There are 2 protein chains.
Amino acid sequence: MEIRSKLWIEIDGKPVFGRGRRFLLEAIDKYGSINQAAKEINISYRKAWGYIKAMEERLGIKLIERQTGGRHGGGATLTQDARNFLKKYEALEKGIQGLVDERFIQIFNTKEL
Amino acid sequence: MEIRSKLWIEIDGKPVFGRGRRFLLEAIDKYGSINQAAKEINISYRKAWGYIKAMEERLGIKLIERQTGGRHGGGATLTQDARNFLKKYEALEKGIQGLVDERFIQIFNTKEL
DNA sequence: ATGCGTTATGCAAATATTCCATAACGAACT
DNA sequence: AGTTCGTTATGGAATATTTGCATAACGCAT
């Protein structure tokens, strides 16, 4: 029996940002490529692309600077807005998981129900 | 922009209990009927039934005492195990949402990104 | 011109979810 | 003893969602 928790941000009831998208942005920052980033976090490029599209539409902010074509095919980098947002989300998430785990063990760690 | 959080318990990677199931059990306790409970929380009877089935299978515990037929068609009541489980889950959930909300406001409550 | 590794998307296929339809039940009432 | 009523119980169809395949476009370097 394991406890799981999830944290995300919505706009008009639709998901805009969460752990998965956080990892995606972080990986794009690391690799300079949506494609590479998707591989890193084990999702298809298609899915990553969909995430980015939805995020940008819903937030109304450009998160990723894209370049198609070129010597190495192009690439992608985070905008400053994306970096700022990411930083805030990281701060929001920090510590929550630990708290939840701690409480779960405290409450459920008994043999009988 | 709203923050949302979710807390649930899994067994072997499969969801066993969460907010929705909590509401379902609470409503069954209140109405003495799966059918009525489902209406209360706005899900189909079919879905409620599936929830209960999965919960009982995965936990390996009987949660609902069912009676079919009879003057008023029958009904359902929570077992003591179900009550105990519910109580623990409620304790687990308590306060988490508030903490998350608080932090969200603190971090994101600025005009600019 | 050609090749390369990207970004960009439509659309088909697979999965998951929801809901419709119907059976069975049994106490109370007629 | 049959009828009624509001339940529980479930298969399976219908819908919705997610995933991923296939392919186009791009533009620099060779």
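Note that the structure is a prediction, hence the values are computed from the model and not measured. Proteins get letters first, then strands, A, B, ... in listed order; numbering begins at 1 in each.
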Next item on the list: Would you please name every residue forming a salt bridge (Lys or Arg N to Asp or Glu O under 4.0 Å) with A/E26, sequence neighbours left out?
Entry: A/R22
Notebook entry, point to check: Can you tell me if the side-chain N/O atoms of A/R66 get under 4.0 Å from OP1 or OP2 in C/dA8?
Noted result: yes
Note to self: I need the residues from residues 7-14 of chain A with at least one non-hydrogen atom less than 4.0 Å from DNA chain D; give them sorted by number, or say none.
What the structure shows: none
Check: On DNA chain C, nearest-nucleotide positions of A/H72 versus B/H72: which is more 5'?
Finding: A/H72
Margin query: Under 6.0 Å from the ring centre and within 45 degrees of the ring axis: does the NZ or CZ of A/K6 meet both conditions for the six-membered ring of A/W8?
Written below: yes
Notebook entry, point to check: Reading nucleotides 21-26 of chain D 5' to 3', which nucleotides get B (base under 4.0 Å from a protein heavy atom), which S (sugar-phosphate only), which -?
Noted result: B----B
Checklist line | Single-linkage hydrophobic cluster, 4.5 Å side-chain cutoff, B/L25 and B/L59 together | finding: yes
Checklist line | Rounded interatomic separation in angstrom, taking CD1 from B/I28 and C1' from D/dT7 | finding: 13 Å
Next item on the list: Take atom CD1 of A/I43 and atom P of D/dT19, then tell me their distance rounded to the nearest Å.
Entry: 9 Å
Note to self: Let's see if you can work this out: which of D/dT8, C/dA8, C/dT7 has an atom nearest to the side-chain heavy atoms of A/W49?
What the structure shows: C/dA8
Notebook entry, point to check: Between B/S5 and B/R19, which heavy-atom pair has the shortest distance, and what is it?
Noted result: O-NH2, 2.9 Å
Note to self: Expressed as a whole number of angstroms, how long is the span from B/R71:CZ to D/dT3:C1'?
What the structure shows: 12 Å
Check: What is the distance, rounded to the nearest whole Å, between atom CD of A/E57 and atom P of C/dA8?
Finding: 13 Å
Side-chain donor-acceptor pairs of residues 33-42 of chain B under 3.5 Å, sequence neighbours excluded:
residue, atom, partner, partner atom, Å
B/S33, OG, B/N35, N, 3.2
B/S33, OG, B/Q36, N, 3.0
B/E40, OE1, B/Y31, OH, 2.7

Item checked: Members of residues 34-42 of chain A that approach DNA chain D, where some heavy atom sits under 4.0 Å away -> none
Check: Charged N to carboxylate O under 4.0 angstrom, A/R66 versus A/E56?
Finding: yes
Checklist line | Qualifying residues under salt bridge (Lys or Arg N to Asp or Glu O under 4.0 Å), relative to A/E65, sequence neighbours excluded | finding: A/K62
